[in-house]
Structure formats: structure tokens, C-alpha cells
Amino acid sequence: MPQYILAIDQGTTSSRSIICSSHGEMIAMDQHPVTPSCPENGWVEQDPEAIWQSVLSSLKGVLAQATLSAAQIHAIGITNQRETTLVWNRDTGSPVYPAIVWQDRRTADTCNAIADDPAAADYIRATTGLLPDPYFSATKVAWILDNVPGARAQAEAGELLFGTVDSFLIWRLSGGTSHVTDATNASRTLLFDIHKQCWDQKLLDLFNIPPAMLPTVLDCADQFAELDVSLLGAAIPVTGVAGDQQAALIGQACFEPGMTKSTFGTGGFMMLNTGTTPVSSQHRLLTTVGYRLNGEVTYALEGSIFMAGATMQWLRDGLKLLDNVADSAQLALDAPADSSVYLIPAFTGLGAPYWDPQARGAILGLTRDTGIKEIIAAGLLSVCYQTRDLQCALQSDGVSPLCLRVDGGMASNDYLMKSLADILGVTVTRPEVTETTALGAAFLAGLQTGAFTSMNTLTQLWQCGQTFEPTMPPSRRDHLYAGWKSAVERIRCC
Ligand SMILES: Nc1ncnc2c1ncn2[C@@H]1O[C@H](COP(=O)(O)OP(=O)(O)O)[C@@H](O)[C@H]1O
Ligand SMILES: O=P(O)(O)OC[C@H](O)CO
């Protein structure tokens, strides 16, 4: 008799819940959109109540679709958009400000000032594996405390709690009894020592964050909470948590050093397993916790692209060039292959390896012949070129992924996958089940309860769906990439 595990995947554009069996089969999925708002240039926020309601709806929806009751669910796993920052009142559970989303750049000046202090920047790098960039949570928390009237005093009095989305959801799901997170989410805050696996007092002082606000950090497979019975009718245990990119690493069964995955959702995130030794990048990649199980940390090198699928949303909703993002594959195929249009989607700056929060986007190489198809193709190719930027940084750090496992909403786009193989010059593999992020969270939850007995079991559950081989001549791929590099140089601010 299989056991049923439910996984919540709270992403930037939607909240999904899946139910899978202990045999690794997907039984049902339910998805509800969430819409970020951009109240000022470079700001990106979400309504915490909309996040919560979308998660609740997806929980109820997936149970209905699977025709299962909550009592039949063995365990819950949670995975989430990382870095997105919430601060809420311990007594009421009400957030004091909207969620500040990972893409938000409002704290760029603060980060630049810290980056200008070599001792502080070196300490951050050595302790957290990250860089002083508005992407991470610390300066977002400080901004809320400094800009919401009374918030800092309340935080110092222990009345306010900080958490990434996982923490906030667990607080709500547990009826306000569990204030916890996991080591992967903690590793994205700029406040967590990835070597000692604890919050770092010197960083808390640097960013002026009261320690009383912080959640307890657990392994990725652990006892996080029990569901408040009033929500679904059963006290289901929450036993697995990981940030979404780390959950995808697990869902893609990248358990051996050197194995690499890229997830193309709102952003694009390449992650390479480096084993139990943290590797420090000389080329501005991040050293991060891949997963922590039974107290043992597996580290990863990560390259983060801020705009992948979000570029296609902008082409659809902002420029109205598309009715449906999925149409982009055929339109791009119909564009002439020799188009030299480059779209640089630096809408909120550039992520790895540039880390330029002030850069802004551009479309370059326009001619009188340029039309919608060429711009759409350039939007998709921007994802390939940004991924090649990450591949080059990894190669310069002495690690070269020989093949790449892909997932995320954009992975269904065959034009993109084939172009990616061509521009990178490596085999791109799409798994049979592309909901790898949610699957990773389910794997973690099942590892804790014994529904999955080992990492080997998870490796055997991973199934290849389709592979895309590179066929573009190396000289052509290098020529196209050189055009991208010179286009990027035109828009950089630092
Ligand atoms: N066929 C497609 N072609 C191009 N982009 C796509 C396609 N399908 C989805 N996307 C993009 O992928 C993103 C959604 O992927 P998803 O993994 O659900 O994102 P997230 O977890 O960040 O919310 C959206 O930005 C959407 O524009
Ligand atoms: O919402 P996604 O899937 O694009 O993921 C967001 C990342 O976790 C941000 O670091």
C-alpha cells in the first residue's frame, strides 16, 4: 500500500501543491497564481495574505483532485521562492509589511556601501558564501524595521518574527506554534554561517537585525511542525523543507559531486553539487547549502539569473507580443536564424556573475527587418546566453558540467532547450516528471518518515524524459556569445 506525500511549492508566480506516492508517482497537482506588484522602480512586493490563500486553495484543490482526505496524507514537504522576506507579529500572525520579493532592488545603496568596505565584504563572502546584494534577505529585513513605524522597537521587544516564505507558511500552518526554517533557506539570508551552521552575531550586528526575530534552523528532513487540525481536519506532520532551487537539486537526484541542474521558472538558477566541501568561487558564483541531512551538509555552487520566464511574461503582458508564453517556441523557430538582436533582461539589474543592481535592460541590434518573432527569439536566447555566462564562470572555477538536467516552467519549451544545448555545447536532459521542485520537497518529507529509505531510492525514481544534443558548430556558438558579451558591456553600471 503506497503512502501519500503532499508537497507545497510556493513560487514567485504561483503556489502549487502536488500529491505523490511513496513509489514516486505524481497523483495530482493543483496550482493558483500569485501576482507580484512593482510599486516603484526596482521594487517587487507580494501580498502575504494572497500567498497564504493561494497555498490554502492549492492544498484543498489537490486533495479534491486526488480524492484523498487529509487523514490519508502521510507527511507534507514545503519548498519556496527563496530570500523573499516577511516580518509578522508573533501574537496576531499579521505581516507588518508586504513580502519583499527576492527580485526587489530597493536596498542597492545599502549593499553598495557594504561592498565598498573590503573587510565587511570579505567577511560576508567567507561566512555566508554570498555577496552583499539586495537579492538576499538581510537588507530587506532591515529596510522593513527602519521604514515601518514602530517596527524596530517591536522587533527588539521580541514581538515581531522574521522568516522566508517557508517559515511564514509553517507559522500559519501550525497555528502559530512553530517558528522554524531549514538550512538551505537560512543560507540565503546573509545572516547564516554556512560552515558552523548557525546564525552569525557579527552579521546580525552589521545588518542591525535583532536575534529574537530569527527562526530555529533545522535539517531539510526534520520535524518542522504539525498542521493545525482546524485547517484540513488532520494534524499532518511537516517533515521536509528546502528552498526551491535546492529542492530541484534533490528532485533531479543530483547527489554526486559535479552533477548540475538548471531550473527555469521566473528566474534561472544553475546549481552544481560540490559534495561535503564548500567550494569558493573566484568568479562571483555563490557557495550555498545544497541540502543538510542528519546534520551533514552537502554544498553547491550556484549561479542566479534574475529574469528567465519573467522575460516571457513581460513580452506577453508588457509588450503584448504574445497571447501565450508557450507560443514563443514556434514564433522563435520561425525567426531567421541569423538575427543579431540581443535582449538583455536587466529589468531589476543583473545577477551572477555580474551582480550589477543598477544595470537596466535593453534590446540591441534592431534593424528595419526586426519584427515580433526576432524579439521573442532574442528573449528566449537571453536565457541561454545568461546560462552560458554561468557555465563560463563555473569553468573558470575549474568545474565543467558535462550535461545539464533542466526543469521549471520554461523547460517545456523545446526551442529553448535545443538552443540551450547549442549555446552551451552540452547535452541538456529534461526529466519525465518536470515538477522536480515539488518532488524534491516530497522526497525530503518522505526521507524523514521512512517512506523513502535512502538517497539511492530517490536516484532510482528519477527518469529521463528527453535529451537535447548540441549540433551548432562551435565557431557559430562562440560568435553568437561574443555578441551577447559586447551587448552586456553596453548596459553595465559596475
Ligand atoms: N512554454 C513556455 N515557454 C516560455 N516560458 C514559459 C513557458 N511555460 C512557462 N514559462 C515561463 O515560466 C515561468 C513559470 O514557471 P514556474 O516554474 O512555474 O515559475 P515560478 O516557480 O518562478 O513561479 C513563467 O515566468 C512563464 O512565463
Ligand atoms: O520562483 P522561482 O522558482 O523562480 O525561484 C525563485 C528563487 O528561489 C529565488 O532565489
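Counting from 1, the numbers follow the sequence of the chain as shown. Remember, it's 1-based here, ligands and their atoms both numbered in the order they're listed. Side-chain atoms are counted along with the backbone in the values below, which use heavy atoms only and exclude waters and symmetry mates.
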Engineer: Using a 4.0 Å cut-off to any heavy atom of S328, which atoms of ligand 1 qualify?
Structural biologist: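 Matching atoms, with element in brackets: 3 (N), 4 (C).
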Engineer: Which ligand 1 atoms does M312 reach within 4.0 Å, using its non-hydrogen atoms?
Structural biologist: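 Once the distances to M312 are compared, the set is 4 (C), 5 (N).
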Engineer: Would you mind checking which non-hydrogen protein atom is closest to atom 22 (O) of ligand 1, with the distance to 0.1 Å?
Structural biologist: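 Of every protein heavy atom, T266 OG1, 2.5 Å lies nearest to atom 22 (O) of ligand 1.
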Engineer: Write out the residue and atom name of the closest protein heavy atom to atom 3 (O) of ligand 2, then the distance separating them to 0.1 Å.
Structural biologist: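 Result for atom 3 (O) of ligand 2: D244 OD2, 3.0 Å.
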Engineer: For atom 23 (O) of ligand 1, what is the closest protein heavy atom, and at what distance to 0.1 Å?
Structural biologist: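 The answer is T13 OG1, 2.5 Å.
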Engineer: Looking only at heavy atoms, what is the nearest atom pair of P353 and A393, with distance?
Structural biologist: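 Looks like CB-CB, 4.4 Å.
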Engineer: Under 3.5 Å between any N/O of Y135 and any N/O of ligand 2: does that happen in this structure?
Structural biologist: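 So ligand 2 has an N or O lying under 3.5 Å from an N or O of Y135.
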Engineer: Going by the order shown, which atoms of ligand 1 are within less than 4.0 Å of some heavy atom of A310?
Structural biologist: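 Every atom of ligand 1 under 4.0 Å from some heavy atom of A310: 25 (O).
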Engineer: To the nearest 0.1 Å, how far is atom 8 (N) of ligand 1 from its closest protein heavy atom, and which atom is that?
Structural biologist: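 The answer is G409 O, 3.3 Å.
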Engineer: Examine G309 against ligand 1 and note whether any of their N/O atoms are separated by less than 3.5 Å.
Structural biologist: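 It does: an N or O of G309 is found under 3.5 Å from an N or O of ligand 1.
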Engineer: How does M410 reach ligand 1, by side chain, by backbone, by both or by neither, if only non-hydrogen atoms under 4.0 Å count?
Structural biologist: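 Both parts.
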Engineer: On the ring face of F269, is R82 found with NZ or CZ under 6.0 Å from the centre and within 45° of the axis?
Structural biologist: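 Here R82 passes the 6.0 Å and 45° test against F269.
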Engineer: Using a 4.0 Å cutoff against the non-hydrogen atoms of S412, which atoms of ligand 1 qualify?
Structural biologist: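 Within the 4.0 Å cut-off of S412, ligand 1 contributes 1 (N).
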Engineer: Is a side-chain donor-acceptor pair under 3.5 Å present for D334 with Q330?
Structural biologist: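 There is such a pair between these side chains.
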Engineer: Can any side-chain N or O of D222 pair as donor or acceptor with the backbone N or O of D219 at less than 3.5 Å?
Structural biologist: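 Judged by distance alone, yes, a pair lies under 3.5 Å.
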Engineer: Mark the output for R16 as yes if a heavy-atom distance to ligand 1 is under 4.0 Å, and as no if none is.
Structural biologist: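 Under 4.0 Å: yes for R16.
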Engineer: Any salt bridge linking K418 with D422? Criterion: basic side-chain nitrogen under 4.0 Å from a carboxylate oxygen.
Structural biologist: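 Judged by the 4.0 Å cut-off on N to carboxylate O distance, K418 and D422 do form a salt bridge.
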Engineer: Answer yes or no: does an N/O atom from R188 fall short of 3.5 Å to an N/O atom of ligand 2?
Structural biologist: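 No, there is no polar N/O contact under 3.5 Å.
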Engineer: Under 4.0 Å between a Lys/Arg side-chain N and an Asp/Glu carboxylate O for D182 and R292?
Structural biologist: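 No, no charged N to carboxylate O under 4.0 Å.
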Engineer: Would you call E49 and R172 a salt bridge, taking side-chain N to carboxylate O under 4.0 Å as the test?
Structural biologist: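 Answer for the salt bridge query: yes.
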Engineer: For ligand 2, which atoms sit closer than 4.0 Å to a heavy atom of T266?
Structural biologist: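 Selected atoms, number and element: 4 (O).
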Engineer: Starting from atom 4 (C) of ligand 1, what is the nearest protein heavy atom, named by residue and atom, and what distance separates them?
Structural biologist: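 Protein heavy atom at minimum distance: N413 ND2, 3.6 Å.
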Engineer: Counting heavy atoms only, which of A248, G11, S14 is nearest atom 21 (O) of ligand 1?
Structural biologist: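 That would be G11.
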Engineer: Between ligand 2 and G267, can you find any atom pair, the residue atom being a heavy atom, that is separated by under 4.0 Å?
Structural biologist: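 Flag set, G267 near ligand 2.
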Engineer: With atom 9 (C) of ligand 2 as the reference point, say which of Q103, Q81, E83 has the nearest heavy atom.
Structural biologist: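 Among Q103, Q81, E83, the closest heavy atom to atom 9 (C) of ligand 2 comes from E83.
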Engineer: Tell me yes or no: between the side chains of N80 and T164, is some donor less than 3.5 Å from an acceptor?
Structural biologist: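 No, no side-chain donor-acceptor contact under 3.5 Å.
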Engineer: Does either side chain, that of T139 or that of T107, offer a donor lying less than 3.5 Å from an acceptor on the other one?
Structural biologist: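 Indeed, the side chains of T139 and T107 share at least one donor-acceptor pair under 3.5 Å.
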Engineer: Do Q65 and D30 get their side chains close enough for a donor-acceptor pair, meaning under 3.5 Å?
Structural biologist: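 The criterion, which ignores hydrogens and geometry beyond distance, is satisfied for D30 and Q65.
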Engineer: Mind listing the closest non-hydrogen atom pair of I363 and L343 along with its distance?
Structural biologist: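 So the minimum-distance heavy-atom pair works out to CG1-CG, 3.9 Å.
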Engineer: Give a yes-or-no answer on whether the side chains of E469 and T471 include a donor-acceptor pair shorter than 3.5 Å.
Structural biologist: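 The criterion, which ignores hydrogens and geometry beyond distance, is not satisfied for T471 and E469.
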Engineer: Minimum distance, heavy atoms only, to atom 6 (C) of ligand 1: which one of T434, V325, D414 is it?
Structural biologist: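 Answer by nearest heavy atom: V325.
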Engineer: Considering only protein heavy atoms, which is closest to atom 1 (O) of ligand 2, and at what distance to one decimal place?
Structural biologist: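 Result for atom 1 (O) of ligand 2: T12 OG1, 2.4 Å.
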